[in-house]
Amino acid sequence: MEDRFGRLSRNLLEKNQNLTYEEARGWIEGLWEDFEATRAKAGYEYGGKNRTEEMVVQWIKSYGPKLHEYETMNPKFQHLKKKR
């Protein structure tokens, strides 16, 4: 998992230079966990690590450049909000 998270974090950093490596890593871990938990709560069969990685890569492509602007009330992602 360390290799996957590291690779995904670097991928995110390529899309968004406003994040530090630690922030990118936090986003990757949060998105990964959120996808797997949401999928399980919805009653879907576990798709495996490759399926989760595909989804996280898709989110990086779609939202990665703007993640540093993300506003949330979700406590899981509060620590990732940039201090202004």
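All residue numbers in this chain count up from 1 along the given sequence. Since we're looking at a predicted model, the values are computed, not measured.
- Annotation: the span from R25 atom CZ to L19 atom CG amounts to 14.5 Å, rounded to 0.5 Å.
- The CH2 atom of W27 sits 15.5 Å away from the CD atom of E22 when rounded to the nearest 0.5 Å.
- Counting all heavy atoms, side chain and backbone alike, L8 lies closest to I60 at O-CD1, 3.7 Å.
- Put simply, NZ on K66 and NZ on K15 are 14.0 Å apart, with the number rounded to the nearest 0.5 Å.
- Listed by chain and number, the residues in a ring pair (Phe, Tyr, Trp, His ring centres under 6.0 Å) with F5 are W32 (sequence neighbours excluded).
- Under the 3.5 Å distance criterion, the side-chain polar atoms of E29 are left unmatched by any main-chain donor or acceptor of G26.
- For the pair M1 and K49, the minimum side-chain heavy-atom distance is below 4.5 Å.
- In terms of heavy atoms, N16 sits closest to G64 at ND2-O, 2.9 Å.
- Minimum interatomic distance between S9 and Y21 (heavy atoms only, all atoms of both residues): CB-CE1, 3.6 Å.
- A distance of 10.5 Å separates CG in L67 from CD in E23, rounded to the nearest 0.5 Å.
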Can I get a per-line list of side-chain donor-acceptor pairs under 3.5 Å for residues 50-57, giving both atom names and the distance, sequence neighbours left out?
unit_1, atom_1, unit_2, atom_2, d
N50, OD1, R4, NH1, 3.2
N50, OD1, R4, NH2, 3.1
T52, OG1, E36, OE2, 3.0
T52, OG1, G48, O, 3.3
E53, OE1, R4, NH1, 2.5
E53, OE2, R7, NH1, 2.3

